[in-house]
Each structure stands twice: as C-alpha cells, then as structure tokens.
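Report on the following structure.
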Amino acid sequence: MNKSNTNKIFIGVSWPYASGKIHLGHLAGQNITCDVFARYHRLKGNEVLMVSGSDSHGTPILFKAQELGIEPEKLAQQSHKEIKETFKKLSLIYENYTSTTTENHKEVTQNIFLVLKELRYLYPKKSKQFFDEKVGKFLPDRYVRGTCPNCGEPNARGDECPTCGAFLKPTDLINPYSTLSDTKPVLKETEHFYLDLKKLEKPLSEWIDKQGIHWRKWVREFSKGWINEGLEPREVTRDMKFGIAVPVQGWEDKVIYVWMEAVIGYLSASIEWAQKSGDSSKWENFWKDPDCKHYYFIAGGNVPFHTIIWPGQLIAYNEKYMNDSLWEKYKLPGESKKEKLNLPYDIPANKMLLYKGKKMSKSDNTGMSADSLLEKYSPDLIRFFFVRNSPENHDREFEWSDFIDCNNNELVANIGNFINRTLTFVNTKFNNTVPKGSLENNVQKEIEKEFNKIGEYIEKCEFVKASEELLHLGDFANKYFNDKAPWVSFKENIKDCENTIFNSIQLVNALRILLKPFTPNSSEKLKVMLNIQDEYDQNIDLEKNGKVSKIQDNWKFTQIDSGTHLNTPEILFEKI
RNA sequence: CGCGGGGUAGAGCAGUGGCAGCUCGUCAGGCUCAUAACCUGAAGGACGUUGGUUCGAAUCCAACCCCCGCAACCA
C-alpha cells in the first residue's frame with residue numbers, strides 16, 4: 001500500500017479505576033466500541049495507537065484498601081492484573097495498556113504540572129477545608145454530609161443535595177458530619193494548587209465551536225453548557241500521600257489530584273509505548289502530526305474531563321513550544337520536535353447502561369461483572385451485543401431478554417444461519433469444494449455497498465448503525481439463497497446451482513471480513529473453515545507479537561476461487 | 001432553581017417542512033438447503049400535552065407535563 005494513503009489514528013480509552021473488576025458499564029461505555037474502531041482502522045491499513053491503563057491512585061482506592069486491610073498499592077496492582085485478564089478474554093487489543101503507577105507516568109505528570117505552574121496556569125491558594133480528626137484526613141466534598149440549607153434534607157452531600165438538587169459546598173451544610181467516622185469535622189487551613197480554567201475559557205470555547213461540529217450532539221451541547229456557565233479555577237492537589245507527589249519544595253506531603261493526573265495517562269502511555277518499541281521519539285508521530293486524529297472513548301460521566309479539562313491542559317501546555325527556555329528545561333521523554341501536541345478530534349462518549357433502572361456501580365451487584373458474563377458466553381457474543389446495544393445517545397436498560405434475542409435472532413438466525421446453510425450445502429452436495437461460478441452483479445454491488453457503509457459508520461463512530469448493516473447483508477444473503485433455491489436447481493439445473501453456491505460462498509467470505517472488527521474470534525474460525533491461507537491482518541500480528549510488521553489495506557472484499565477445498569464446517573454461533 | 005439531553009408501533013431506536021421508518025417481537029401464509037431456521041405478507045402509531053406559523057409540522061415557534069444526567073474521580 002502506498003504510504004501516502006495511510007492515516008494515523010490515536011485512540012485513548014477511558015482509564016478504568018483500579019478498585020475492582022470490570023463490569024458491564026465499562027463494556028457498554030467504551031471498552032468494546034474502542035476495539036471495534038481500532039480493529040477496523042488497523043484492517044483498513046491505518047497506523048493505530050490505542051492506549052489506556054488502570055487509574056491506580058485516588059481516595060476511593062485508599063478507602064477500599066483500608067476496608068480490606070491491605071495496602072492501596074496492592075489493591076491497585078491486583079485490580080490492574082484482573083482488569084488486564086478480563087480485557088484479554090474479551091479480545092481487546094491495545095498497543096499499550098499500562099497503569100498510573102509507572103515511573104514514566106510520574107515523570108510526564110510532574111513535567112506537565114511544572115510547565116503549567118511556570119506558565120501561571122497553576123497557582124497556589126490557601127483555604128479552609130473540613131478535616132476529620134478521628135481519621136486524620138481532609139475530607140472530599142462527598143464525604144461530608146449534613147442538613148441542606150435549601151430544603152432541610154438531613155443527609156445532603158457536601159457537593160450536592162440529593163433531594164432538591166442544589167449545588168452545595170461542604171461549608172454550606174448545617175450540622176456537618178464526616179461519613180468516615182460520623183464525627184463532626186473541623187475546618188482546617190490548607191494550601192492547594194488551582195488550575196486556572198477561567199483563563200482557558202475563551203480558547204476552549206473557540207475550540208469546541210470549531211471542533212465540536214462532528215461530535216455527538218449531546219456531548220457538544222453538554223460541554224458548551226459547562227463553558228457557558230463559566231469555568232472556575234479548580235483544585236488540582238490533595239492532602240494525602242497516595243499518588244503522585246507535587247514536585248514543588250515544601251509540598252512533599254501532597255499529591256496531584258487524580259482528575260488532572262489520570263488524563264495525562266493518554267500521553268504518558270504513548271510515550272511508554274514508544275520506549276517499549278525501541279524508538280523513544282515515536283510517540284511524536286501520533287501526537288505532533290496535525291493529520292493524526294485523536295479519538296477518546298469514554299462514558300458519559302467523563303465528558304467534561306475530555307472536552308474541557310484535558311484539552312485545557314493541552315492548550316496551556318502547548319505554550320511551552322513558543323517559549324525557548326521552557327522548551328529547553330522541560331522536555332518530555334524522547335521529545336525531539338518543538339511542535340504542539342494534538343487536541344482531541346472526537347469524543348464518542350456513551351450514555352449510561354442501567355440495570356434495573358439504576359446506574360451500575362462497582363460497589364453493588366458483583367454478578368454483573370464482565371467476568372461473570374464471560375464464564376457463560378463467548379467474547380464475540382458479548383462484543384456484538386454491546387455494539388448492537390451501545391448507549392450512544394440515551395441511557396439504556398440492560399435486559400437479559402435483549403441479550404438472548406441478540407444472540408438467537410441476530411447472530412444465530414440471521415448471520416450464523418446463512419453461513420451454516422451455505423457451508424453445509426457445499427459440504428454435502430459438492431464434496432466440500434467451491435463449485436464453478438462467477439460473481440453476480442447484484443451480489444458484488446451489495447457487498448461493496450456494505451463495505452462502504454459499514455466503514456463509514458465506524459469512522460463516524462456510529463456503531464449501532466454499523467452493526468445493523470451487517471444484519472442487512474445477512475438478510476440480503478438469506479434472501480438471495482432462498483430466491484435462488486439451490487436445493488431445487490441442484491436437481492434441475494446443476495450449473496445454476498453451482499453459480500448460486502459460488503456466490504453464496506463469496507457472501508460468506510464478505511461477512512467474515514466485515515465481522516472482523518466486531519467478532520474477531522468467529523472470523524478466525526471462519527477463516528479456517530474457508531481454508532484461507534496467508535491473509536495478513538495487523539490485528540492478528542499485534543495480538544501475537546505485540547507489533548505490526550506490515551501495513552496494508554484489508555478492508556476490502558476478496559473472492560474465493562472455484563475449486564478451493566474447504567475444511568469441515570462447524571456451527572459458528574451457538575444458540576442459547 | 002438553573003443548564004443539558006430525551007419523550008415516535010409491544011421493546012429498543014432512526015427520522016429537522018412534503019404519503020410515518022429500521023431492528024427485534026406478535027399474527028397469518030409459503031418454503032424446506034440450514035442451528036424448528038428462512039421467505040412473503042399482515043396487524044400494531046392522536047410522533048409527551050396544548051396552542052401558533054405554514055398550502056403542508058414528528059420536524060419550526062411558544063407554553064406546559066414527564067424521564068435521565070450535572071462539578072467530580074462514578075464507565
């Protein structure tokens with residue numbers, strides 16, 4: 001393939017919190033569609049860098065670890081390992097899946113912190129915050145409760161009243177108490193760094209106006225709404241030791257707040273990937289080439305971090321490249337080009353997956369972990385289901401009947417059945433050898449149409465529609481088979497029958513290729529059944545060797561020759 | 001309170017001015033190569049409510065009702 005046709009795609013996937021297992025919300029939110037997107041682009045012959053990792057710092061891990069009586073580092077490490085295993089079982093391939101505990105991440109985070117500080121986007125300010133004397137900790141807003149001054153609700157949270165919806169500060173509460181010890185917290189003075197979002201308001205607003213055109217409507221409107229309400233400076237440090245230390249003298253006892261730190265992981269994981277690959281500057285190909293599009297796969301709740309805070313950090317940091325002394329003083333690992341970092345291109349965020357009308361959370365319903373689903377069902381079914389039912393624009397209820405219907409009516413009855421009836425026919429009537437024939441015009445047209453449509457939908461991050469098109473091709477194929485009635489022509493007009501089966505085989509092969517991003521394991525099985533040799537696939541390469549050795553466009557239809565001897569057909573999708 | 005999103009067939013959703021659509025389910029008939037599948041057809045809708053603009057509104061405007069998010073670390 002001609003190099004000039006190759007596009008670069010950077011994919012950042014929301015970092016799962018290392019305090020427990022992956023649950024269905026993660027799958028519905030971002031972890032399946034990102035892989036479909038990445039696999040498609042690799043297949044298409046584009047250079048892909050998809051990174052993510054476990055968000056291994058923060059108060060909830062600390063508290064959960066205390067509860068379990070283990071060190072927070074240990075809990076994070078354990079969770080990280082579990083998460084990685086779950087992702088592997090789901091056939092998710094990342095160019096780099098790491099964690100926020102690496103030295104590299106610390107270095108990059110502190111580098112960004114210091115540059116933003118020098119550029120005066122970060123400044124220190126003193127304030128009084130609630131402190132739980134019994135536990136010996138400053139309290140995050142939501143760990144302080146008390147009576148709402150607005151409506152009198154006795155258990156209002158320090159950030160928001162659940163009854164009247166008023167936004168609160170912990171100090172607004174009447175009779176505040178700490179949820180950690182049920183004691184009355186005291187106000188204590190502390191000093192923190194703040195990110196001056198106010199200064200970033202204008203450039204962010206302009207950026208969203210320009211860039212947000214192709215975002216999902218709700219993502220764009222939500223982000224604009226945030227900005228229109230006015231951005232306030234935000235605290236970026238915390239009074240604790242678990243995390244990345246603030247790299248400033250006298251601040252050794254404080255760490256950088258995870259919301260600022262975790263998003264930096266997208267950059268640090270790319271840098272780590274470059275180092276692992278043996279060319280420590282390679283990340284710049286993705287971060288400094290203005291033609292490289294950056295996609296962030298996240299779930300609803302994280303939108304502001306990815307449309308405001310992370311781009312804000314990048315806009316601010318990019319001033320480094322216009323300042324010679326900062327450029328000399330604060331180089332990122334492997335950094336060689338004095339060029340700006342890319343901002344997000346698209347943020348295809350998903351809404352929430354609800355279970356019994358409620359948001360899924362890590363604390364309840366362990367039965368809804370991804371692992372529990374994987375024990376019973378194939379990764380391909382799980383992948384297909386969460387693409388078909390991706391909550392792209394609305395919250396969505398998880399229903400078991402939908403899950404079963406998706407398998408039995410769509411994968412099995414539509415696509416699986418067509419493949420099975422065709423392969424069985426070849427096996428029983430033609431000694432498992434592809435008969436003579438030529439590709440019919442309408443079949444070819446339909447196949448090409450679907451390659452285009454599905455490709456376009458995936459590129460636009462419209463995964464529900466893309467998967468719907470797969471079913472359309474399945475419908476077409478089943479109808480074709482039925483209309484041609486090869487079981488009749490087998491007795492009356494063998495030439496006709498051969499041609500029909502030849503064309504059906506081509507449809508099976510088209511489906512196999514089109515299914516690759518969605519159900520890669522089934523496509524592999526089909527590849528064996530169809531006895532296809534020497535087909536190059538970046539995805540497989542990456543999965544087996546961790547590296548891509550060759551780039552070529554494989555998102556296209558290829559014909560299977562007459563006379564090809566097939567392997568014994570097997571059921572591809574099992575009914576449940 | 002405010003901001004944002006949403007309210008379209010039994011379910012899930014598409015549809016931004018021109019006879020109301022898709023996937024699944026339901027019912028009837030057909031077919032039989034196939035995982036009792038597949039094909040054809042049908043039923044099923046005051047497009048949240050009320051008013052307005054227009055030759056014409058699910059679509060534009062106004063008011064209202066209901067559901068879901070919303071300052072963190074929760075996908």
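All values derive from a computational prediction rather than experimental measurement.
- Across all strands shown, A/F490 has no heavy atoms under 4.0 Å from either base or sugar-phosphate atoms.
- Note on A/K575: a side-chain N or O is less than 4.0 Å away from OP1 or OP2 of B/A37.
- Spacing between B/A58 and B/G48 at atom P, rounded to whole Å, works out to 10 Å.
- Side-chain atoms of A/N482 and base atoms of B/C33 include a donor and an acceptor less than 3.5 Å apart.
- On the C1' atoms, B/G45 is 12 Å away from B/G10, given to the nearest whole Å.
- Of the possible polar contacts, one joining the A/N432 side chain to the A/L566 backbone as a donor-acceptor pair under 3.5 Å is found.
- Whole-Å rounding puts the A/E221 CD to B/G5 P distance at 5 Å.
- Every residue two or more places apart in sequence or in another chain was checked for a salt bridge (charged side-chain N to carboxylate O under 4.0 Å, His left out) with A/K199, and none qualifies.
- No engagement by A/G58 is indicated, since no non-hydrogen atom pair under 4.0 Å with the nucleic acid exists.
- Residue-level contact check: A/N302 touches the backbone only, with heavy atoms under 4.0 Å from sugar-phosphate atoms and none from bases.
- Stacking between A/W226 and the base of B/A71 is present: ring centres sit under 5.5 Å apart and the planes differ by under 30 degrees.
- For the pair A/N478 CG and B/C39 P, the interatomic distance rounds to 5 Å; values are reported in whole Å.
- Under 4.0 Å is where a charged nitrogen must lie from a carboxylate oxygen, and between A/R388 and A/D402 no such pair does.
- Distance check on atom P: B/C13 versus B/A20 gives 23 Å, rounded to whole Å.
- Nucleotide B/C60 has B/G52 as its partner under the Watson-Crick or G-U criteria, with both atom distances under 3.5 Å.
- For A/A413, the side-chain atoms get nearest to B/C38 when compared with the rest of B/C33, B/A34, B/C38.
- Closest contact between the side chain of A/S14 and the listed nucleotides B/A75, B/U32, B/C74 involves B/A75.
- Dashed line: the shortest gap from a side-chain N or O of A/K351 to OP1 or OP2 of B/G6 is not under 4.0 Å.
- Using P as the reference atom, B/G41 and B/C3 are 49 Å apart when rounded to the nearest Å.
- Residue A/K217 places at least one side-chain N or O closer than 4.0 Å to OP1 or OP2 of B/G6.
- Taking atom P on both nucleotides, B/G18 is separated from B/C68 by 33 Å, rounded to a whole Å.
- Atom CG in A/D405 sits roughly 9 Å away from atom C1' in B/A11 (whole-Å rounding).
- A gap of 14 Å separates the C1' atoms of B/A14 and B/G6, to the nearest Å.
- At least one donor-acceptor pair closer than 3.5 Å links the side chain of A/N350 to the backbone N or O of A/A28.
- Two residues, A/E410 and A/R238, neighbour RNA chain B, and the one matched to the more 5' nucleotide by heavy-atom proximity is A/E410.
- Each of A/E574 and A/W15 was assigned the nucleotide of RNA chain B with the nearest heavy atom; the assignment lying further toward the 5' end belongs to A/E574.
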Point to revise | Evaluation steps, side chain to side chain donor-acceptor pair (under 3.5 Å), between A/N521 and A/S91 | key: CA-CA 8 Å; A/N521 302 296; A/S91 311; 2.9 Å; yes
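- Pair check for B/U35 finds none; no Watson-Crick or G-U wobble contact set falls under 3.5 Å.
- Side chain of A/I571, nearest nucleotide from B/C24, B/U35, B/A34: B/U35.
- B/A14 atom P lies 14 Å from atom NZ of A/K460, rounded to whole Å.
- Ring centroids of A/W400 and A/F403 are separated by less than 6.0 Å, placing the two rings close together.
- Nucleotide B/C22 is matched to B/G12 when pairs are restricted to Watson-Crick or G-U wobble geometry with both distances under 3.5 angstrom.
- Comparing B/C22 with B/A42, their P atoms sit 12 Å apart, to the nearest whole Å.
- One finds a side-chain N or O of A/H23 lying less than 4.0 angstrom from the OP1 or OP2 phosphate oxygen of B/A75.
- Between the C1' atom of B/U32 and the NZ atom of A/K429 lies a distance of 11 Å, rounded to the nearest Å.
- Note: CD1 (A/I505) to P (B/A34) measures 15 Å, nearest angstrom.
- The CG atom of A/D402 sits 9 Å away from the P atom of B/C13 (whole-angstrom rounding).
- Under the Watson-Crick and G-U wobble criteria, each requiring two contacts below 3.5 Å, nucleotide B/U40 is paired to B/A28.
- Base orientation of B/A42: anti, the glycosidic angle falling outside 90° of 0.
- For A/F222, taking side-chain heavy atoms from C-beta onward, the closest of the listed nucleotides B/C74, B/G69, B/U35 is B/G69.
- B/A46 makes up no base pair with any nucleotide shown, lacking Watson-Crick or G-U wobble contacts both under 3.5 Å.
- Between A/K484 and A/E440, at least one side-chain N (NZ, or NE/NH1/NH2) sits under 4.0 Å from a carboxylate O, which counts as a salt bridge.
- A/W215 has its ring centre less than 6.0 Å from the ring centre of A/W207.
- Per the geometry, CZ belonging to A/F425 stands 8 Å off P belonging to B/C33, to the nearest Å.
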